[in-house]
J.: 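The structure is given below, and queries will be raised subsequently.
Side-chain atoms are counted along with the backbone in the values below, which use heavy atoms only and exclude waters and symmetry mates. None of these values were measured; they are calculated from a predicted model.
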Amino acid sequence: MEKATPSTRHRMLPQPKRETPGVFKLPRLEPLELTFPEPFREAPSCDPSPSKNYGRKLDYVVDKSDQSWPTNCDQSAELCAVLKEVAIDREVLVAVANSHAPGLDGFIKSIQELSVTNFLVVALDEALVERLKARNVPYYFRKNHAQGNHAVSAEKFGIVREFVEVGCSVLLTDTDVVYLQNPFKYLYRDTDIEGMSDGWDRDSAHGYFEKLDDPRQGWARRKSGSRRLICMNSGLWYVAATEASRSLMVIMQHRLKTEELWDQTGYNLELFLPTHDDHQSAGCTTRVMNPVCFVNSKVMYRHIRHHLHDTFNGFVPVAMHSNYHTDKEHKMSLVNSYYKQGVATALNDCRGHGCDPDVLSVEQIELLWLNYINDGFFDTFDWTMGRAGGSNVACRPQPAWAGKFDFLKRPLHRLSPPAPGVCEGSDLCLALRKAAPPGSEVLVATVSSDAISKLELLVKAVKRLGLQNLFLVALDELAANYALQQGVAHIQTEGPSTDQAGPSSRVVVSSRQAVSAVAGTRDRLRF
């Protein structure tokens, strides 16, 4: 299987005026200046780089301009009281633990040494409350009988939901994390969820596309691709107090109560798998933390510690999560000794598995099993879902989560309708009005004369179904004439020349331009 190169992304530039009478000039698109740094080859700066602001606006539960904070405290009076004393800029560092949590004392000490004051522990039993009182550590008592790491982890989502609903963002942490710098200084805060990765190189942490090979498809055997990404870890992640984050907590709380599901598995499924059928995702935007700033223990002990005298000389990570090793407290103490106490040889004392420097990539690890993995995508005897999808009933939109939740908010960020006068004299607006009234939906296709046969099939199908809102973006005069003969709303454009792009990529680029232009004059668009 070969890796696929990520497709180029574009941004819309100011729209040029129409230059040729009767031919609409589409907005010009330029490739974005995207870079894909290799964080493992050189010590990075952990400071957040300036945001390009390509992401969507965050829908905070309590607007940042609202001075009455925290809110919705009727059911969470005790929590609100604690937050008023502890939170800074509506943020807190939170650990959920019982008195049996591993490494708890060392964890609290590392936080206190950094003077991180917006920190509290959600205590699940009275024994821990007494310990926290004795150490003057802020806490929120929420009695629970969960025992064991995974059982306690499963409680996180309902607890974090309480924080989010009163308008408080949470940097949620396990207690087997060593903090070496104040983590709040190194957050981007430009997504709903910002979390550390279990990945150990750029591809595993940031993700990549992998080509699959199905010989039975003939010339299209390598058309399929798989998106690969090592899981984000649910032991260290920042949850912005947004509607999408709230929905994630609601969904995860429900799933963990009704399914045999590991919390980290569910967390990743809900973050990265798309909405389908009646399964509505929370719609969270996601950022992966820099994997050598917010470090998992595999990266620390199999990569960084072997390059302390070259690549990472003088570099100090923000935090290290002891998640890959069973001797957690030992690994935490070594990191403390090296980075905080200056013991130059401390990290040499790595024992047992998970210490050698020969870190393999995902492809190398899977090399012996590559054919099995590839075949697993194409060979399956489980067609239950396929049979259900073949019925007319299954093709109709289903209620989200079979109606179990009636309060999940998914605000769509629609473009505002054009201001009065914007469409005056616009060929595009005039042509669109022939397809459908402003504010309604249009079905857009970009076509050229070398695909007239395909266009004929499309027009026949649309007419047979009685659809009246087809809109064609014709890339040349022949395609425009065909649309005119068929009585289909259309506009002729000046797309990229075939000197600049081949026929297929010419249609793709023009399609992106068309969507940008049409979306600026409509509320909804089918493409």
J.: Suppose we call two aromatic rings close when their centres sit under 6.0 Å apart. Are Y267 and W262 close by that rule?
T.: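 No, the ring of Y267 stays outside the 6.0 Å limit from the ring of W262, centre to centre.
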
J.: About how many Å separate CG of L273 and CD of E270, when rounded to the nearest 0.5 Å?
T.: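 Reported to 0.5 Å precision, the distance equals 8.0 Å.
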
J.: With distance as the sole criterion, is a donor-acceptor pair present between the side chains of D125 and S99 under 3.5 Å?
T.: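 The criterion, which ignores hydrogens and geometry beyond distance, is satisfied for S99 and D125.
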
J.: Does F107 have its ring centroid less than 6.0 Å away from the ring centroid of F119?
T.: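 Centroid distance F107-F119: below 6.0 Å, so yes.
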
J.: Going by the ring pair (Phe, Tyr, Trp, His ring centres under 6.0 Å) test, name the single residue among H307, H325, H353 that passes it with Y301.
T.: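 Output: one option passes, namely H325.
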
J.: Just how far is it from atom CE of M300 to atom NE2 of H306, taken to the nearest 0.5 Å?
T.: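 It comes to 11.5 Å.
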
J.: Run the salt-bridge test on K340 and E113 with the 4.0 Å N-O cut-off and return the result as yes or no.
T.: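 E113 and K340: salt-bridged.
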
J.: Taking side chain to side chain contact (heavy atoms under 4.5 Å, CB included) as the definition, give me every residue that meets it alongside V359, ordered by chain and number, with sequence neighbours left out.
T.: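 Testing V359 for side chain to side chain contact (heavy atoms under 4.5 Å, CB included), a comparison that skips the adjacent residues, returns W200, K298, R302.
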
J.: Where does the angle between the aromatic ring planes of F163 and Y140 fall among parallel (under 30°), tilted (30 to 60°) and perpendicular (over 60°)?
T.: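 It falls in the perpendicular class, over 60°.
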
J.: Treating T265 as the side-chain partner and L261 as the backbone partner, does any N or O pair qualify as donor plus acceptor under 3.5 Å?
T.: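 It does not hold such a pair.
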
J.: K328 vs D174, test: salt bridge (charged side-chain N to carboxylate O under 4.0 Å, His left out). Steps then yes/no.
T.: CA-CA 12 Å; K328 291 178 179 291; D174 281 354; over 6 Å; no

J.: Please lay out, stage by stage, how V164 and T242 fare under the test side-chain contact (heavy atoms from CB on, under 4.5 Å).
T.: CA-CA 7 Å; V164 169; T242 62; over 6 Å; no

J.: Decide if the gap between the ring center of F312 and the ring center of H303 is smaller than 6.0 angstrom.
T.: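 They qualify: ring centres under 6.0 Å apart.
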
J.: Quick one: does any side-chain atom of N118 pair with a main-chain N or O of E91 as donor and acceptor, under 3.5 Å?
T.: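 Between the backbone of E91 and the side chain of N118 there is a qualifying donor-acceptor contact (under 3.5 Å).
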
J.: If we check side-chain contact (heavy atoms from CB on, under 4.5 Å) with V61, which of these qualifies: V166, N72, T71?
T.: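 The residue from V166, N72, T71 that satisfies side-chain contact (heavy atoms from CB on, under 4.5 Å) with V61 turns out to be N72.
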
J.: Could you measure the distance from the NZ atom of K84 to the SG atom of C73? Nearest 0.5 Å is fine.
T.: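 It comes to 6.0 Å.
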
J.: So, N336 side chain and V178 main chain: donor-acceptor pair closer than 3.5 Å or not?
T.: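 Side chain of N336 to backbone of V178: no pair is present.
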
J.: Check the pair R287 / D190 against salt bridge (charged side-chain N to carboxylate O under 4.0 Å, His left out), numbers first and verdict last.
T.: CA-CA 8 Å; R287 171 181 284 276; D190 58 355; 2.7 Å; yes

J.: Do NZ/NE/NH1/NH2 and the carboxylate oxygens of E126 and K143 come within less than 4.0 Å?
T.: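 Counted as a salt bridge, because a side-chain N and a carboxylate O are separated by less than 4.0 Å.
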
J.: Rounded to the nearest 0.5 Å, how far apart are OG of S361 and CG of D201?
T.: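 It is 6.5 Å, given to the nearest 0.5 Å.
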
J.: When you measure from the side chain of Q264 to the backbone N and O of S234, does any donor-acceptor pair fall under 3.5 Å?
T.: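 Indeed, once roles are kept as given, a pair shorter than 3.5 Å links the two residues.
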
J.: Between T286 and T191, is there a side-chain donor-acceptor contact under 3.5 Å, judged purely by atom types and distance?
T.: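 Judged by distance alone, the side chains do not pair up.
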
J.: Checking salt bridge (charged side-chain N to carboxylate O under 4.0 Å, His left out) for the pair K64/D66: CA distance, chi angles, key distance, verdict?
T.: CA-CA 6 Å; K64 290 288 188 179; D66 192 339; over 6 Å; no

J.: Hey, what do you get for CG (D203) to CZ (F209), rounding to the nearest 0.5 Å?
T.: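 Nearest 0.5 Å value for the CG-CZ distance: 12.0 Å.
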
J.: Is the backbone N or O of Y208 less than 3.5 Å from a side-chain atom of E210, with the two atoms forming a donor-acceptor pair by type?
T.: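 Not a single qualifying donor-acceptor pair exists.
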
J.: For R246, does its backbone N or O pair with a side-chain atom of E165 as donor and acceptor, under 3.5 Å?
T.: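 Between the backbone of R246 and the side chain of E165 there is no qualifying donor-acceptor contact (under 3.5 Å).
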
J.: Do any N or O atoms from the side chain of S245 and from the backbone of A240 form a donor-acceptor pair under 3.5 angstrom?
T.: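 The answer is yes, because a donor-acceptor pair under 3.5 Å joins these two groups.
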
J.: Take R135 and D105, measure what salt bridge (charged side-chain N to carboxylate O under 4.0 Å, His left out) needs, and give me the verdict at the end.
T.: CA-CA 10 Å; R135 298 191 61 169; D105 292 331; 3.3 Å; yes

J.: Are N296 and D198 close enough that a side-chain donor and a side-chain acceptor fall under 3.5 Å?
T.: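 Short answer, no.
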
J.: Main chain of T285, side chain of D192: is a donor-acceptor contact present, judged purely on distance under 3.5 Å?
T.: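 Yes, the answer is positive, given that a donor and an acceptor are paired below the 3.5 Å cut-off.
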
J.: Got a donor-acceptor contact below 3.5 angstrom from the E38 side chain to the F40 backbone?
T.: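 Looks like yes, one N/O pair under 3.5 Å.
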
J.: Between S169 and Y60, is there a side-chain donor-acceptor contact under 3.5 Å, judged purely by atom types and distance?
T.: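 Checked: Y60/S169 side chains show no N/O donor-acceptor pair below 3.5 Å.
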
J.: Could you tell me whether the side chain of N268 and the main chain of M232 form a donor-acceptor pair under 3.5 Å?
T.: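 Checked: pair present.
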
J.: We want to know whether S49 and Y188 form a side-chain donor-acceptor pair, criterion being a heavy-atom distance below 3.5 angstrom.
T.: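 Note: S49 and Y188 side chains meet the donor-acceptor criterion.
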
J.: Could you check L308, N348, V316 and say which one makes a side-chain contact (heavy atoms from CB on, under 4.5 Å) with Y338?
T.: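 Answer after filtering L308, N348, V316: L308.
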
